[in-house]
Structure formats: C-alpha cells, structure tokens
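The structure under discussion appears below in the form of structure tokens.
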Number of protein chains: 2
Amino acid sequence: MTANQGTKQRILDTAERLFADQGFGNTSLRCLTSQAAVNLAAVNYHFGSKDALIEAVIARRLVPMNGERLRRLRALQGRHRGHPVPLESLVAAFIGPALELSQDTSRAGSQFIRLLGRGFVESPPQLQDRLRPMYREVIDHFKRAFAAVLPELSAEELYWRLHFLVGTLAYCMSGADMMRVVASSGMSAPLDIEVVTQRLTVFLTAGLRAREPVAEANGFKRTARA
Amino acid sequence: MTANQGTKQRILDTAERLFADQGFGNTSLRCLTSQAAVNLAAVNYHFGSKDALIEAVIARRLVPMNGERLRRLRALQGRHRGHPVPLESLVAAFIGPALELSQDTSRAGSQFIRLLGRGFVESPPQLQDRLRPMYREVIDHFKRAFAAVLPELSAEELYWRLHFLVGTLAYCMSGADMMRVVASSGMSAPLDIEVVTQRLTVFLTAGLRAREPVAEANGFKRTARA
DNA sequence: GTCTATAGTCAGATAGAC
DNA sequence: GTCTATCTGACTATAGAC
C-alpha cells in the first residue's frame, strides 16, 4: 500500500483514457499496462480482473458525481423550503456535475464523461447490474423532485420525460457526434462546458415543461398523481 | 445467387439480432454462424470480413430509413409550398421512420433500432467513417428545414439543438435504459411505438422551440442567419 | 456454394522467481 | 508488490476438398 499507490493510480488513469477513447472491449490489458508503464500482471493483482477494473474506473468518478448531484439537490430544497424547486434549477443540478467533469483537466476527468456514456450502452449486462445501484439514489430523489414541480404530468409521462432527459445527457457525454457530418457548415467554437450546460438546460427545461399530449387511441391509463 | 439467398439472408437476420443484443465486438462469427445454421466460413465468403458484415447489416435498414425520412420531408414541403414546415411535423418526420422500425415484427427490424444506436457509439472509428455519408443527406436537408422554421435561433444554437435531438433519439433507440432503476415504481405498460413517438415529438418540439439563452460571458458570436 | 480443418493472432489470467 | 514466462482459450480468416 505504499509504492502500490502509484501503480494503481496510473492504471486507473490510463484505463480511464483508453476506455473513453476506444471503448472497453477494444482496449486490451496489454496495451493498457504498457501505456501505464506497469506490468501486465499488475491489473489482475490489484483489481482481480479486467471487468473489476472497468467497474473501479467508473465508480471512482460516478460515486462522487452522484454525491454532488444529491448535495446540490438538498441545497436547492433547503433554499425553497416547502415549495417545489424550480424546474430549471433541478435540471442544472442534475446535468451540471456530469458535464463539469469535462473541465477537470488536471486529471483525466475530461475523458470520463465519454466513458460514463459508454458505461450503460457498451458494457456487459453483468456490469450494468453492478452500475445501476450507483444511480438508484440519485434517480429516486430527483424523480420525486421533478414530480413535485411538474404535478400536471402523469406518472407515465414523467417517466418518459426523465428517460429523454437522461438520454440527451448520455449522448452528449458519449461524444458520439453524428452531427459532425454538418460540422463543416460553420461550427468551429471549442467546447465550452458552461455554454453547453446552459444550452442543454434550456432545451431540457422546455421539453420537460411541455404540455402532456392527450392520451388517446392507446392503452395507457392516465394515472393521477397527488 | 440461388441457394445463396437463404444463407445471406439468414446471416444478416441473425447478425442483426445478435449485434443488437450483445454489441458488435461481443458477437463472434462462431456464435453467429452456428445460430444462423450456416457454415463458419460463409460470412467471409459472402461478405469478405466481419467489419463488412457489420456495415451490410446497418446499411440494409439505414438506407431505406433515411430514404423514408427524406420522402416525408419532401411531402411536407410540398404540402406547405413557400412556407416553412411546422416544427412538430419536422420532428415527427425525422424520428418516425426510426422508431417505426421497432414495429417491424416480421423481420428482425425490432432489434435494429437498438443496433442503430450502437452504430455510432460502439463501432470502430473506421466504420463510423463509412456510416457518416449515409446520414449526410438527411441531416443536410433537415437542418435547412429546421433553420427555416426556427429563424430566431443562431447557427450555433441550432447546431446544438439538433445535436440534442439526435442524442435523445439515439438513446431511445439504443435501449440502454438507465431508468429501469425506477421501473419498479409503477411502470409496466408494454412499449407502444406510437405513444413513444408522440411523447418524444412533444418533448423535442418544446425543447427546439425554447427561447435561446442570451449569450454572455462566453466567446460565442451570435451569428445572424437569413 | 458449402464444408472441414487449421493457420495465425491475440486475448485474459496465473504460477512462481525475485 | 513486481516481474517474466507461459497457459488456455477464443477469435478472424483462409486454404483446399467436395
């Protein structure tokens, strides 16, 4: 646990970068350990397996990130005692901690954002099951808060709206940029997290606030809430 | 080209299903060919390589899907001669053909939706480069149409809004369902594509229509359009 | 066109010296 | 804790018989 620190850290940092760039499956332990300047066997010694390493890499950032989300939510709730938290603030509290990791230039945090996006679409189902609990509390608390400030939405509609919210964020984080097709048509500005957060907040807030379409010609029961 | 048909089709159908379920990298040709009841060498004989098979599987659905998008766009433009197409119709024309593939129960089209979502986040960069041109025309035409009906948005804002639009759709398609965490809290209805399309259209339309935040304290020049 | 058999490569994991 | 060396298995791709 002394000289260990350096090795373990270097493995985590290098893995974060490579996983984000190439994906989990396309990153071999051989490539990883050579770039981290550690021995091939070190990964299995310190983490037990490649899958366990993947989980460790994700958890290292995910747990603090979701902690920050909850911290901001509680701060908002404290500031609006009794009243529902404004929608825009809720959105910002949810997406802010995720996008802000991109600014962490000292560590490889900038890559982690893309990695988190990959976490749920590319990882083996077994890993997804271990990741889900890390989101459980955040989604649970935010869902309640969103429901409080959007009482006019049915439970089903709210479920889907939050689904869309998470989806948009995940896509932004994954860095899969289908839009680069049209990038030639005039986009050049470097990615500014504050600006993206602001744009995304506006977009999502408006979407969440949209009037619910009348449910007809389908099997959904409109479930009245509160 | 006679008995060939059956083999090639079975390979494509099986690949579509397995790629969607397990991803590209996690699906081996051995597993694929055994499930398709064809010989291991058949893939390389008919497609040349695994990568070429992936491309073929995607292109088989992607090209018609994007063709349908453009067809609907042209129909809308014909119906609104001179005037911009209503935003909601534009959104529906873009996301409809994608989500409707899920209804294609006869063929394995239902899995393909998830596969398309994977196409850009999980595939090797080399493949992404061959996929991008298949989107080029669609994005180009729709971008113009969105710009016409949203003249108040700056070019940068429009770019990001469309990015969010594509992102939300891609996430819905990928089937990566982070929200299943809260599924226990009352969701049970089977996925009805029409309903999802309607919900998504409302959400996206509202987001696209949101008033652009005033650009301040950042380096963006508001680019006047039209 | 279809098959068997196999070449050639690379993966993750581990035993055991230091 | 770190290293070398190696095991075991899976993969893609292909050569060549039918």
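Letters go in sequence order (proteins before strands), and every chain restarts at 1. Just so it is clear, the values below take in all heavy atoms, side chains as well, and ignore hydrogens, waters and symmetry mates.
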- Under 4.0 Å between a side-chain N/O of Ser28(A) and OP1 or OP2 of dC10(C), yes or no? no
- Message: Any base atoms under 4.0 Å from Thr33(B), or only sugar-phosphate, or nothing? Heavy atoms, all strands.
- Response: nothing
- Message: Please determine whether a side-chain nitrogen or oxygen atom of Asn39(B) lies at a distance below 4.0 Å from atom OP1 or OP2 of dG1(C).
- Response: no
- What class does the angle between the rings of Phe164(B) and Phe203(A) fall in, given that below 30° is parallel, 30 to 60° is tilted and above 60° is perpendicular? tilted
- Message: Measure CG/Leu29(A) against P/dT8(D) and give the value in whole Å, please.
- Response: 19 Å
- Query: Ile11(B) versus Thr33(B): any side-chain heavy-atom pair under 4.5 Å?
  - Reply: no
- Using whole Å, report how far CG of Asn26(B) lies from C1' of dA10(D). 13 Å
- From dT4(C), dA13(C), dA13(D), pick the nucleotide closest to the side chain of Ala41(B)? dT4(C)
- Query: Please give, in whole Å, the distance from dA13(D) P to His46(B) NE2?
  - Reply: 15 Å
- Is there a side-chain polar atom (N or O) of Thr7(A) under 4.0 Å from OP1 or OP2 of dT2(D)? yes
- Task: Using atom CZ of Phe24(B) as one end and atom C1' of dC11(D) as the other, report the distance to the nearest whole Å.
- Result: 18 Å
- Task: Could you state the atom-to-atom distance from CG of Leu53(A) to P of dG12(C) in whole Å?
- Result: 10 Å
- Task: Please tell me which of Cys31(A) and Tyr45(A) maps to the more 5' nucleotide of DNA chain C, matching each residue to the nucleotide holding its nearest heavy atom.
- Result: Cys31(A)
- Round to a whole Å and report the spacing from CZ of Arg30(A) to C1' of dT9(C). 11 Å
- Message: Quiz question: by atom type and distance under 3.5 Å, do the side chains of Gln22(A) and Thr27(A) form a donor-acceptor pair?
- Response: yes
- Query: side chain to side chain contact (heavy atoms under 4.5 Å, CB included) between Leu12(A) and Phe47(A): does it pass, once the steps are laid out?
  - Reply: CA-CA 10 Å; Leu12(A) 283 171; Phe47(A) 297 93; 3.9 Å; yes
- Can you tell me if the side-chain N/O atoms of Asn44(A) get under 4.0 Å from OP1 or OP2 in dA13(C)? yes
- What pairs with Arg10(B) under side chain to side chain donor-acceptor pair (under 3.5 Å), at least two apart in sequence or on another chain? none
- In whole angstroms, how far is the C1' atom of dT6(C) from the CG atom of Leu40(B)? 11 Å
- Query: Can you tell me how far P of dC11(D) sits from CG of Leu32(B), to the nearest Å?
  - Reply: 11 Å
